[in-house]
Enquirer: 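Sharing a structure below in C-alpha cells format, with a few things to ask.
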Amino acid sequence: MQNSFMAKAIELSLENVRTGRGGPFGAVVAKAGAIIASGANLVVSAGDPTAHAEIVAIRNACKALGDFQLTGCELYSSCEPCPMCLGAIYWARPERFFFAGTRQDAAAAGFDDSFIYEQIAMPAGERAIPAFQLMREKALEAFELWKRLDFSRKY
C-alpha cells in the first residue's frame, strides 16, 4: 500500500507540472489504509508562498479529520520536505512520513532549500533577512495567561 500512496503523490506532482498549476511536488495523507487528503504545490497559482504540497495536504487532512493533528496518519511526499514543510509535519504529528526525491534532486531542478537550512543555523540578526527582538516582556503576558487558564488542548 505504501507504494501506491507514494505513486499517487508522484502522479500529483507530474499532473501539477503538466497542467501548469504549480511546481513538481505532490503529497497525500493516508489513514487506516486509505488516502484521506492530497495536495499539490500551488505557490504560483494561489499566490501563496506557503502553499507547498505537504502544507496543502496537511490542511486538507486536518479539515477532513476535524483536528489539528494527524494522529494515526502517514504522509507521502514526492520529494524530501523543505524546512517549512518539515516543521509543519512535526506540528501535525503524523505517525510517520515518506518521501521519494531528495532535497538534492530538488536543488538540481532549481528548488534549492540549502540556503534556508544555512540561515536557520545563523544568529537572527546575521541572517539575509535580519530579525530583531522587540517587546519580549509584553509578549510573555500571553504565555503566562495561556498557562494560567489552561483551557486549551495542548499541541
Side-chain angles (χ1 to χ4, degrees), residues 1-122 124 127 131 139 142-155:
M1 253 199 258
Q2 291 174 336
N3 284 346
S4 66
F5 297 151
M6 184 59 77
K8 178 63 176 174
I10 293 169
E11 182 52 39
L12 286 168
S13 72
L14 290 165
E15 181 182 332
N16 215 42
V17 174
R18 287 186 196 114
T19 61
R21 285 194 306 249
F25 304 98
V28 300
V29 177
K31 184 172 185 171
I35 293 174
I36 62 165
S38 63
N41 180 287
L42 302 175
V43 169
V44 174
S45 62
D48 180 354
T50 69
H52 289 200
E54 297 91 339
I55 303 288
V56 173
I58 288 169
R59 288 175 180 160
N60 291 338
C62 288
K63 184 181 260 187
L65 293 172
D67 198 353
F68 62 87
Q69 292 186 342
L70 300 180
T71 305
C73 294
E74 298 176 336
L75 186 138
Y76 296 79
S77 177
S78 64
C79 189
E80 184 176 359
C82 74
M84 176 183 68
C85 293
L86 186 61
I89 290 167
Y90 274 87
W91 279 115
R93 293 180 174 85
E95 195 170 301
R96 63 182 63 88
F97 73 95
F98 303 87
F99 60 91
T102 66
R103 60 185 176 185
Q104 292 81 9
D105 298 330
F111 299 91
D112 191 359
D113 300 328
S114 63
F115 174 74
I116 299 171
Y117 284 101
E118 292 167 5
Q119 291 292 300
I120 290 170
M122 296 176 71
R127 295 177 183 155
F143 293 125
E144 292 304 318
L145 181 61
W146 174 265
K147 290 188 291 188
R148 266 195 328 273
L149 295 180
D150 196 29
F151 62 87
S152 296
R153 182 173 157 203
K154 302 294 183 205
Y155 61 95

Enquirer: When rounded to the nearest 0.5 angstrom, what distance separates CE in M122 from CZ in R127?
Expert: 8.0 Å
Enquirer: Taking it one step at a time, do E144 and K147 satisfy salt bridge (Lys or Arg N to Asp or Glu O under 4.0 Å)?
Expert: CA-CA 5 Å; E144 292 304 318; K147 290 188 291 188; 3.1 Å; yes
Enquirer: Go through F98 and E74 one step at a time and tell me if the side-chain contact (heavy atoms from CB on, under 4.5 Å) criterion holds.
Expert: CA-CA 8 Å; F98 303 87; E74 298 176 336; 4.0 Å; yes
Enquirer: How long is the span from the OH atom in Y117 to the SG atom in C82, to the nearest 0.5 Å?
Expert: 7.0 Å
Enquirer: For atom NZ of K8, decide whether the heavy atoms of other residues, nucleotides or ligands shown that lie under 6.0 angstrom number more than 12.
Expert: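 No, not enclosed.
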Enquirer: Step by step, work out the side-chain contact (heavy atoms from CB on, under 4.5 Å) result for M84 and E54.
Expert: CA-CA 10 Å; M84 176 183 68; E54 297 91 339; over 6 Å; no
Enquirer: Could you walk me through whether F25 and V43 satisfy the side-chain contact (heavy atoms from CB on, under 4.5 Å) test, starting with their C-alpha distance in whole Å, then the side-chain angles of each, then the deciding distance to 0.1 Å, before giving a yes or no?
Expert: CA-CA 11 Å; F25 304 98; V43 169; over 6 Å; no
Enquirer: For the residue pair C79 and F111, establish whether any side-chain heavy-atom pair is separated by less than 4.5 Å.
Expert: no
Enquirer: Which atoms form the tightest heavy-atom contact between I10 and A100, and what is the distance?
Expert: CD1-CB, 4.0 Å
Enquirer: At what distance, to the nearest 0.5 angstrom, does CD of Q104 lie from CG of D113?
Expert: 10.0 Å
Enquirer: Show the numbers, then the answer: is there a side-chain contact (heavy atoms from CB on, under 4.5 Å) between I89 and I58?
Expert: CA-CA 8 Å; I89 290 167; I58 288 169; 4.0 Å; yes
Enquirer: Return the SG to CD distance between C62 and Q69, rounded to the nearest 0.5 Å.
Expert: 8.5 Å
Enquirer: Closest approach of I36 and A64, non-hydrogen atoms and distance?
Expert: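 Scanning both residues, the minimum pair turns out to be O-CB, 4.0 Å.
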Enquirer: State whether E95 and K31 are salt-bridged, where the test is any N-O pair (Lys NZ or Arg NE/NH1/NH2 against Asp/Glu carboxylate O) under 4.0 Å.
Expert: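 Salt bridge flag = no for K31 with E95.
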Enquirer: Can a donor-acceptor pair be found, under 3.5 Å and without considering hydrogens, that links the side chain of N60 to the backbone of S38?
Expert: yes
Enquirer: With a 4.5 Å limit on heavy-atom distance, are the side chains of P83 and I120 in contact?
Expert: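 With C-beta onward as the side chain, the pair touches.
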Enquirer: In Å, rounded to the nearest 0.5 Å, how long is the span from CE of M6 to OH of Y76?
Expert: 7.5 Å
Enquirer: For F5 versus V28, what's the shortest heavy-atom pair and its separation?
Expert: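 Shortest heavy-atom separation between F5 and V28 comes out as O-CG2, 3.5 Å.
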Enquirer: Any donor and acceptor pair, going by atom type alone, linking the side chain of R103 with main-chain N or O of E80 inside 3.5 Å?
Expert: no
Enquirer: State, with a plain yes or no, whether a side-chain heavy atom of F99 is found less than 4.5 Å away from one of P81.
Expert: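 A side-chain contact under 4.5 Å exists here.
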Enquirer: Within a 6.0 Å radius of atom OH on Y90, are there more than 12 heavy atoms belonging to other residues, nucleotides or ligands?
Expert: no
Enquirer: Any idea which heavy atoms bring C85 and I55 closest together, and the distance?
Expert: SG-CG1, 3.8 Å
Enquirer: Provide the closest heavy-atom pair for L12 versus G26 in the form atom of the first, atom of the second, distance.
Expert: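 Here L12 and G26 meet closest at CB-CA, 4.0 Å.
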Enquirer: Just how far is it from atom CG of L70 to atom CG of L75, taken to the nearest 0.5 Å?
Expert: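 Between atom CG of L70 and atom CG of L75 there are 7.5 Å.
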Enquirer: Under 3.5 Å, side chain of N16 to main-chain N/O of G23, donor-acceptor pair present?
Expert: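 Yes; at least one donor-acceptor contact below 3.5 Å.
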Enquirer: Any side-chain donor paired with an acceptor under 3.5 Å for D105 and T102?
Expert: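 The answer is yes; a qualifying pair exists.
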Enquirer: Of all heavy-atom pairs between G39 and A53, which one has the smallest distance, and what is that distance?
Expert: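 Smallest heavy-atom distance, with atoms named: O-CB, 3.7 Å.
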